[in-house]
2 protein chains.
Amino acid sequence: MSVQERKQRERASRERLIVATARELAEQQGWDAVTTRRLAERIEYSQPVLYSHFRGKREIIGAVALQGAAELATAVRAATSAADGPRARVAALARAYLDFAARNPAVYDALFQLDGGLAYAREDTPEPLKDAFAALLECLAEVAGDGVDAGLFTEVFWASLHGLATLTRADRLLPEYAESRVELLVDRLVVL
Amino acid sequence: MSVQERKQRERASRERLIVATARELAEQQGWDAVTTRRLAERIEYSQPVLYSHFRGKREIIGAVALQGAAELATAVRAATSAADGPRARVAALARAYLDFAARNPAVYDALFQLDGGLAYAREDTPEPLKDAFAALLECLAEVAGDGVDAGLFTEVFWASLHGLATLTRADRLLPEYAESRVELLVDRLVVL
DNA sequence: CTCGATTGTCTAGCAGTGCTAGGATCGAGT
DNA sequence: ACTCGATCCTAGCACTGCTAGACAATCGAG
């Protein structure tokens with residue numbers, strides 16, 4: 001039995017290597033540079049090996065996305081729990097979110113920009129994605145305002161952050177307003 | 001001279017045909033289906049002809065984007081001018097924007113999701129793009145609130161709309177909340 | 001200790017992509 | 001009528017995601 005277990009461990013380890021390498025390559029040179037050939041070469045295996053772990057490139061993107069979702073949730077929770085008062089918590093959440101998107105553009109793309117073959121906003125949504133949304137909701141529920149559904153409010157707030165994140169990174173907004181945008185958004189959307 | 005003029009007209013007409021066909025194809029089957037071969041076949045010329053009009057596929061996307069920007073500006077202005085009162089105008093703007101994104105997904109992608117090789121938020125930004133932003137600003141300036149820069153407010157409002165538009169289309173938000181999201185966003189961001 | 005079967009991996013290749021070099025063809029101006 | 005430049009197409013390059021089939025290493029049974 002232990003032989004099979006060792007092989008399973010090795011397989012799992014190689015799978016992690018694939019995901020980590022894909023992420024690294026995407027972060028360094030963008031997802032366009034993540035080709036199956038380059039990825040295979042970096043992990044020092046041939047291309048078909050990739051397909052024994054994942055159905056295709058899309059699933060590899062999805063794996064990176066799931067990893068990113070978990071990290072995003074952690075980052076958001078760390079930021080919010082370190083802040084005092086509802087207003088400060090939401091501001092910290094917004095900054096943590098945008099910071100994550102700015103520091104991990106490729107992961108952010110995998111999560112929300114590219115097709116990783118993942119289901120969102122459904123029952124069969126993978127746990128990390130649900131949890132990332134939950135991390136936002138936990139903090140935002142207390143400032144949604146009376147009679148406003150927390151889920152609805154979270155969707156709106158999240159969409160605004162997502163818009164800021166993507167448009168900022170695509171150089172479609174003025175850089176000098178970056179901080180003011182966050183302040184304005186938080187001040188207006190939050191009900192204290 | 002008239003011979004050259006005729007040729008110029010024919011060239012311009014063929015260029016319009018290329019852009020229109022690319023847009024049509026993208027709207028029908030998505031931008032992935034817009035390959036140089038398919039596009040060439042549809043306009044009944046060989047691929048190299050495309051490259052005598054545009055530097056490459058990216059520039060074709062850019063051309064569709066510019067066309068879309070003009071239409072978006074028109075749609076927004078039409079919607080806002082037909083509404084009474086600041087609150088109603090902004091709500092109409094939001095709905096018109098989201099409606100445009102929903103009805104012309106490929107064009108919206110060309111504008112804000114794909115790389116069309118266009119410069120945004122700069123002096124050398126093409127006129128249609130500046131004008132589309134201006135259309136938003138015209139309406140939003142009156143509800144930015146005291147002491148808040150109209151440009152800053154427009155960026156935030158636009159980013160929120162963009163987030164809603166993209167996340168909605170990617171099935172990342174609950175469909176039943178669609179209308180509520182717009183209401184909530186407008187109510188909170190607008191200062192009457 | 002050997003032999004067949006199974007597992008794992010790689011080489012080679014397919015159909016498709018964006019893009020371009022070079023030759024053929026056409027038509028305008030002399 | 002002829003030249004010559006503009007215009008267009010054929011053919012091909014290097015690349016993409018993905019896969020069939022050959023090959024080698026490993027394992028269990030006799």
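Lettering of chains follows the sequences in order, A, B, ..., and the numbering in each one begins at 1.
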| Distance, rounded to the nearest Å, where A:Q8 contributes CD and C:dT7 contributes P | 13 Å
| query | If we ignore angles and hydrogens, is there a donor and acceptor under 3.5 Å between the side chains of B:H162 and B:Y108? | reply | yes
| task | Answer with base, sugar-phosphate or nothing: what part of the nucleic acid does B:R11 contact at a heavy-atom distance below 4.0 Å? | result | nothing
| query | From D:dT16, C:dA21, D:dC18, pick the nucleotide closest to the side chain of B:P48? | reply | C:dA21
| query | What is the nucleic acid contact for B:R58, judged by heavy atoms within less than 4.0 Å: base, sugar-phosphate only, or nothing? | reply | nothing
| Would a 4.5 Å heavy-atom cut-off, applied to side chains only, mark A:V143 and A:F153 as touching? | yes
| query | Are the charged groups of B:D171 and A:R122 less than 4.0 angstrom apart, N to O? | reply | no
| request: Would you kindly give the OH-to-P distance between B:Y45 and D:dC8, to the nearest whole Å? | output: 6 Å
| If you find the nucleotide of DNA chain D closest to A:R55 and the one closest to A:A33, which residue's nucleotide is nearer the 5' end? | A:A33
| query | Within this structure, what is the CG-to-P distance between A:L39 and D:dT16, rounded to whole angstrom? | reply | 12 Å
| query | DNA chain C: A:E44 or B:K57, which has the more 5' nearest nucleotide? | reply | A:E44
| request: Choose from D:dC8, C:dC19, D:dT7 the nucleotide whose nearest atom is closest to any side-chain atom of B:V49. | output: D:dC8
| said: With a 4.0 Å cut-off on N to O distance, would you call A:K130 and A:E123 a salt bridge? | reply: no
| said: At less than 4.0 Å, is any side-chain N or O atom of B:R14 found next to OP1 or OP2 of D:dC8? Yes or no. | reply: yes
| Any donor-acceptor N/O pair under 3.5 Å between D:dC9 base and B:Q47 side chain | no
| said: Rounding to an integer number of Å, can you tell me how far A:I60 CD1 sits from D:dC18 C1'? | reply: 12 Å
| Interatomic distance where OH belongs to A:Y51 and P belongs to C:dG8 [whole Å] | 19 Å
| query | Please give, in whole Å, the distance from D:dG17 P to A:D32 CG? | reply | 10 Å
| task | Check whether any side-chain nitrogen or oxygen of A:R38 sits under 4.0 Å from OP1 or OP2 of D:dT16, and answer yes or no. | result | yes
| message | Can you see if the side chain of A:S46 gets near the phosphate of C:dT9 - specifically, an N or O under 4.0 Å from OP1 or OP2? | response | no
| request: May I have the distance from B:L50 (atom CG) to C:dT20 (atom C1'), rounded to whole angstrom? | output: 13 Å
| said: Taking A:R9 first and then A:E15, would you say they form a salt bridge - that is, a charged N and a carboxylate O separated by under 4.0 Å? | reply: no
| said: Does B:R37 contact C:dG18 through a side-chain donor or acceptor facing the base, at a distance under 3.5 Å? | reply: yes
| Below 4.0 Å: OP1/OP2 of C:dC19 and any side-chain N or O of B:T36 | no
| query | How close or far is atom C1' of D:dT16 from atom CD of A:E41, stated in whole angstroms? | reply | 15 Å
